[in-house]
Amino acid sequence: MQRVSKETVSLTLYRRIFTISSSKLRALQLQQPEPTQIKQVHAHLILQGLDQCCYVVTKLIRMLTKLEAPMEPYSLLVFKQVKYPNPFLWTALIRGYAVQGPFFESVRLYNCMRREGIHPVSFTFSAMFKACGVVLDVILGRQVHAQTILMGGFASDLFVGNTMINMYIKCGFLDSARQVFDEMSHRDVVSWTELIVAYSKDGKMESAQDLFDEMPVKDMVVWTAIVTGYAQNASPREAIEFFEKMQAAGINTDEVTLVGVISACAQLGASKYANWIRDIAEKSGFGPEENVVVGSAFVDMYSKCGNAEEAYKVFEGMKERNVFSYSSMIVGFAMHGQARAAIELFYEMLKTDIKPNRVTFVGVLTACSHAGMVEQGQQIFATMEKCYSVAPTSDHYVCMADLLGRAGQLEEALELVKTMPMDPTGGVWGALLGASHIHGNPDIAEIAANHLFELEPNSIGNYILLSNIYASAGRWDDVSRVRKLMRKKKLKKNPGCSWVEGKKGVTHEFFAGDMTHPKSSEIRQALQDLIDRLKADGYQPKLSCVPYNVSDEEKKHVLMTHSEKLALAYGFLSTDADSTIKIMKNLRICEDCHVVMCGASKIMGRKIVVRDNTRFHHFLNGECSCGNFW
DNA sequence: CTAGGGTTAG
């Protein structure tokens, strides 16, 4: 009779046992194996005399680790019963603790192993680097690094090198990671990609780009990394440029690549790009229905491109939704002034088993704030930690200061800021300053602004806002004091700029007082005609929107040259009579322009959508979705 | 064993 080696038998057996047990797990829809099942498997091993076989026990421990079963008691138990564990078995246990914790057990076991004179394998070092990366212990990481060199040869092992790079990156030591990379005798795409991603996450796109250019062979993953890197670093045009290069190079794209590009399109906020990438996604079989991440990215993109209906359509059509999908949709509703829809969706979400997170609450609270729903917002804020164990961060205090302040409860807002449990951030004081602007309260504005000048000394917007608040109150001495401060700091005003989507997605850009457009005189005329019709309907220019101490005539003239008005007039001239006019502005839309937009939507019978620096205004029939509350 | 993914406020 032919003798079968023990390892071969055990491999077959291992397959049989584990196929059975994993199909059982699937049938029971369990995430983790039940203790009884583990016991059964172990009893089986003992019965077969395989509980001493390192190979089988190693496999068992690896499987348990993968299934996220706790290391104790079973993994540790089966390990302890093996009389002569080999380095692979030790390593499986060390890795298990590295992945699931407690981390110090990995270290203790590693030391035990060394004391017993067991020689580590390369895999052991990888496991240790993993552990160091998890707890960000770079000191231990460096010690293990030194040992890989002492042990001879391991430091130049490709896998050990890659895990070492990974550990240094996780700990934030990019230079050390780069040094390992530079000293490695063999590198693969993984080594390159790890570093490229690390550089781009650190905002160093030039370094990432340099490495990318040097790479001998580029695969889909690294192309995706560079596209996504640009998208994440607020360079959507570059992201799209590289995506197109990637396609031209004949590289496949998958849903991960698409997500990066979708995010870039969201940042551009133009329908043209939205339609373009949607088309590509559908054609390559990665529509928003199938994949949660793609779907959520599309929801966000459509919201940011001003297409709230399509965002919701995508959301509704998604087969699976998670906290990102809901949060994006809630934030989207809030952005478009649909506070009720946002809050309803939030409550709908609570009925599912998806748990809201910090971002979800930021979304709901801003929705409340934009709709002036103070009590509802306060109630949600009060329950977020108690009921959903999401501790409020300063972001949430920004929302609350905004909620109270916008609603005119400036004193309460100030009190909240003074008593909040962490140091108030620029955002919190900024919300208060903004509210003081809306409600014309120079005293509270002063308090907020003084904190802001400390926290954000170079942020021009704060100086302008304070100066405008003084101007509205007629305190011209204070105005010139702030102006002087700005001059001293050499801060330059960020010019107001608007652009409008014309036919075929072509956009036109206008600055305040802009006369450079070839059709300038026509635009002026169209705007004048519109204003005349509005005046006949009772419109009065809001002179208080001009923060200069000049004559009323001059103020009227300044108002007429605001970039969003020029964009509006051009929109009328250059788009079909039944289409929506889409305008974007880099700064907050001014009150006078807001009134004009309302009136224009009624008189001209057109839908107008304006995106200013934070949100969308939908004008229809003389009304705005923000309810004149923004 | 190691590399690429989406949501945040003034």
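Chain letters run A, B, ... following the sequence lines, proteins first, then strands; residues in each count from 1.
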Query - Touch class at under 4.0 angstrom, heavy-atom based, for A:V292 against every strand present - result: base
Query raised in the report: Is there a side-chain polar atom (N or O) of A:N162 under 4.0 Å from OP1 or OP2 of B:dC1?
Result: no
Query raised in the report: Counting side-chain heavy atoms from CB outward, which of B:dG5, B:dG4, B:dT7 is closest to A:D300?
Result: B:dT7
Report summary line: Against the side chain of A:V362, the closest entry in B:dA9, B:dG10, B:dG6 is B:dA9
Query raised in the report: Checking all strands, does A:L452 fall into the base, sugar-phosphate, or nothing category for heavy-atom contacts under 4.0 angstrom?
Result: base
Requested in this report: Using a heavy-atom cut-off of under 4.0 Å over every strand shown, decide if A:T614 touches base, sugar-phosphate, or nothing.
Outcome: sugar-phosphate
**Report entry** Sugar-phosphate, base or nothing in reach of A:V190, heavy atoms under 4.0 Å
**Finding:** base
Requested in this report: Output yes when a side-chain donor or acceptor of A:N233 lies under 3.5 Å from a complementary backbone atom of A:G229, and no otherwise.
Outcome: yes
Query raised in the report: When all nucleic acid strands are considered with a 4.0 Å heavy-atom cut-off, which category describes A:H370: base, sugar-phosphate, or nothing?
Result: sugar-phosphate
Report task. Decide whether A:T360 and A:S327 meet the rule of one side-chain donor and one side-chain acceptor closer than 3.5 Å. Result -> yes
Query raised in the report: Checking only heavy atoms, does the side chain of A:T163 share a donor-acceptor pair with the base of B:dT2 at less than 3.5 Å?
Result: no
Requested in this report: Describe the nucleic acid contact of A:K218 in one word from base, sugar-phosphate, nothing, applying a heavy-atom distance below 4.0 Å.
Outcome: nothing
Report task. Would you indicate which nucleotide in B:dA3, B:dG6, B:dA9 comes nearest to any side-chain atom of A:S325? Result -> B:dG6
Query - Selected nucleotide, minimal atom distance to A:R95 side chain, candidates B:dG6, B:dA3, B:dC1 - result: B:dC1
Report task. Have a look at A:Q232 and say if it touches a base, only the backbone sugar-phosphate, or nothing, with a 4.0 Å heavy-atom cut-off. Result -> sugar-phosphate
Query - Verdict with supporting geometry, A:E310 and A:K313, salt bridge (Lys or Arg N to Asp or Glu O under 4.0 Å) - result: CA-CA 5 Å; A:E310 191 60 31; A:K313 230 192 235 170; 3.8 Å; yes
Query raised in the report: For A:C626, does its backbone N or O pair with a side-chain atom of A:H370 as donor and acceptor, under 3.5 Å?
Result: no
Query - Under-4.0 Å side-chain N/O to phosphate OP1/OP2 contact, A:K130 with B:dC1 - result: no
Query raised in the report: When the distance from CG of A:L403 to C1' of B:dA9 is rounded to whole Å, what number comes out?
Result: 13 Å
Query raised in the report: Which part of the nucleic acid, if any, lies within reach of A:G295 when heavy atoms closer than 4.0 Å are counted: base, sugar-phosphate only, or nothing?
Result: nothing
Report task. Mark yes or no for whether A:Q232, through its side chain, and A:K201, through its backbone, hold a donor-acceptor pair below 3.5 Å. Result -> no
Query - Under-3.5 Å donor-acceptor pair between A:E255 side chain and B:dG6 base - result: no
Requested in this report: Verify the contact: side-chain N or O of A:K304 to OP1 or OP2 of B:dG6, cut-off strictly under 4.0 Å; return yes or no.
Outcome: no
Requested in this report: Measure from OH on A:Y230 to C1' on B:dG6 and round the result to the nearest Å.
Outcome: 21 Å
Requested in this report: Counting heavy atoms from C-beta on, name the nucleotide in B:dG10, B:dA3, B:dG6 closest to the side chain of A:D219.
Outcome: B:dA3
Report task. Assess whether ring-ring contact (aromatic ring centres under 6.0 Å, His included) is satisfied between A:F333 and A:Y312, documenting all intermediate values. Result -> CA-CA 9 Å; A:F333 277 137; A:Y312 189 59; 5.7 Å; yes
Query - Integer-rounded Å distance: B:dG6 P and A:K201 NZ - result: 8 Å
Requested in this report: Please determine, for the side chain of A:D402, which listed nucleotide (B:dG10, B:dT8, B:dT7) has the closest atom?
Outcome: B:dG10
Report task. Report which part of the nucleic acid A:S126 touches: base, sugar-phosphate, or nothing (heavy-atom distance under 4.0 Å, all strands). Result -> base
Query raised in the report: Contact class for A:G427 vs. all strands (heavy atom < 4.0 Å): base, sugar-phosphate, or nothing?
Result: base
Query raised in the report: Can you check whether A:F125 and A:H145 have ring centres sitting under 6.0 Å from each other?
Result: no
Query raised in the report: Taking CD from A:Q267 and P from B:dG6, how many angstroms apart are they, rounded to a whole number?
Result: 10 Å
Query raised in the report: How would you label the contact of A:V197 with the nucleic acid (heavy atoms, under 4.0 Å): base, sugar-phosphate, or nothing?
Result: sugar-phosphate
**Report entry** Residue A:V256, side-chain heavy atoms: nucleotide from B:dA3, B:dG10, B:dG4 that is nearest
**Finding:** B:dG4
Report task. Can you tell me the distance, in whole Å, between the CD1 atom of A:I380 and the C1' atom of B:dA9? Result -> 16 Å
Query raised in the report: To the nearest angstrom, how far is A:M220 atom CE from B:dA3 atom P?
Result: 16 Å
Report task. Give A:D395 one of three labels, base, sugar-phosphate or nothing, depending on what nucleic acid heavy atoms sit under 4.0 Å from its own. Result -> base
Requested in this report: Figure out the CD1/P separation between A:I169 and B:dA3, and round it to whole Å.
Outcome: 9 Å
Report task. Please determine, for the side chain of A:T224, which listed nucleotide (B:dT7, B:dG5, B:dG4) has the closest atom? Result -> B:dG4
Query raised in the report: Between B:dG6 atom P and A:R358 atom CZ, what is the distance in whole Å?
Result: 15 Å
